[in-house]
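First comes the structure, then the notes that go with it.
Owing to the predicted nature of the structure, the values given are computational and were not obtained by experimental measurement.
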Amino acid sequence: MVQALLDISFSLRGGDRLGLIGSNGAGKTTLLRTLAGIYEPVVGHVRVQGSLNALLDSSLGMNLELTGRENIMLRGLYNGLPRPALERLAQDVAEFAELGDFLDLPVRIYSAGMVVRLGFALATAMRPQILLMDEWILAGDAAFMVRSADILVLSTHDTRIVTTWCSRVLWLDQGHLRLDGDPDYVVAQYLGGAAEAATVTAGK
């Protein structure tokens, strides 16, 4: 049996902005999926209090054959919104995603960037208290930033994003927690360790 995550324990409170860094295969996406409830831990537990939304796949929960507007309505109905709230949701998502006339065309003809914008707008329009984000969202425009959420957990290879957005960072390494703390300090240690590993490899 392969254990993707080992002995990782942490808690978050309102206002926390947590960054997850580490090389490919470190366990970042696995941790996000576990927090989102997609994976169930074999040992230990995850306790979440508050509404949660996860941005792990740009087209997650969308029907690509329907229009953007129809997908918005379906998401609202799934969340039990009444008709007036559905109209407000559609307007909010339309203004934020800035898709113009494309909103009334099938999602399957959208560019990858347009799908990202619609997916992000849909996931955040409900104003989740806890927002989980994988790094695919970082492919968007620079002005395409995170909306209000009480708690943010972000996985990325871009250390500049981590030091700009986050108040705390976890450095994961092959499923283990290497370091947990201040973004500038953890990123400096992570980059130093990566440089050291590269030097050792090059010298063999």
Side-chain angles (χ1 to χ4, degrees), residues 4 17-39 48 50-81 83-162 164-166:
R17 297 289 185 266
L18 179 68
L20 306 177
I21 61 174
S23 60
N24 290 331
K28 302 185 300 297
T29 298
T30 299
L31 179 55
L32 281 180
R33 290 178 178 271
T34 302
L35 295 174
I38 298 172
Y39 297 157
V48 176
S51 61
L52 181 147
N53 225 328
L55 287 161
L56 307 181
D57 183 336
S58 58
S59 61
L60 188 65
M62 281 195 279
N63 185 328
L64 302 185
E65 295 302 317
L66 299 180
T67 68
R69 192 178 305 279
E70 288 168 337
N71 273 284
I72 295 170
M73 293 301 183
L74 280 178
R75 183 68 60 89
L77 289 171
Y78 177 79
N79 284 274
L81 298 183
R83 175 60 63 176
L86 284 175
E87 297 298 334
R88 290 194 297 272
L89 173 65
Q91 182 177 357
D92 185 32
V93 172
E95 291 176 355
F96 188 74
E98 297 181 339
L99 295 176
D101 293 337
F102 279 94
L103 198 64
D104 293 303
L105 296 176
V107 173
R108 59 179 165 76
I109 71 169
Y110 287 12
S111 67
M114 292 165 69
V115 173
V116 166
R117 297 181 75 85
L118 179 59
F120 186 80
L122 277 171
T124 58
M126 303 293 182
R127 300 297 192 273
Q129 294 172 297
I130 304 165
L131 179 61
L132 311 179
M133 289 176 57
D134 212 343
E135 59 188 342
W136 62 264
I137 195 64
L138 301 179
D141 298 336
F144 200 52
M145 308 300 265
V146 180
R147 289 176 164 193
S148 59
D150 290 341
I151 295 174
L152 169 69
V153 182
L154 167 67
S155 164
T156 180
H157 288 286
D158 192 333
T159 54
R160 292 171 301 176
I161 293 292
V162 169
T164 301
W165 288 11
C166 299

What is the distance from atom [atom1] of [X] to atom [atom2] of [Y], rounded to the nearest 0.5 Å?
X	Y	atom1	atom2	answer
Ile38	Leu32	CD1	CG	9.0 Å
Ile21	Ile161	CD1	CD1	13.5 Å
Leu118	Met62	CG	CE	4.5 Å
Met133	Thr156	CE	OG1	9.0 Å
Leu74	Arg69	CG	CZ	13.0 Å
Ile72	Gln91	CD1	CD	11.0 Å

message = So for atom CZ, which belongs to Phe102, do other residues, nucleotides or ligands contribute more than 12 heavy atoms lying within a distance under 6.0 Å?
response = no
Between [X] and [Y], which heavy-atom pair has the shortest distance, and what is it?
X	Y	value
Ser155	Asp134	OG-OD1, 3.5 Å
Leu154	Trp165	CD2-CE3, 3.6 Å
Phe96	Arg117	O-NH2, 3.9 Å
Glu65	Asn63	N-OD1, 2.9 Å
Leu99	Tyr110	CD1-CE2, 3.8 Å
Val48	Leu35	CG2-O, 4.1 Å

key: Check: Arg17 side chain, Asp150 main-chain N or O, donor-acceptor pair, under 3.5 Å   = yes
task = Using modelled atom types only, decide if a donor and an acceptor are shared between the side chain of Lys28 and the backbone of Ser23 within a distance under 3.5 Å.
result = yes
inquiry  = Contact between Leu66 and Met73 at the side-chain level, heavy atoms closer than 4.5 Å - yes or no?
reply    = no
Could you pull out all donor-acceptor pairs under 3.5 Å where a side-chain atom in residues 83-90 meets a protein atom, sequence neighbours excluded?
none

request  = Determine the sole option in Leu132, Val153, Ile151 for which the side chain to side chain contact (heavy atoms under 4.5 Å, CB included) test with Leu18 is passed.
outcome  = Val153
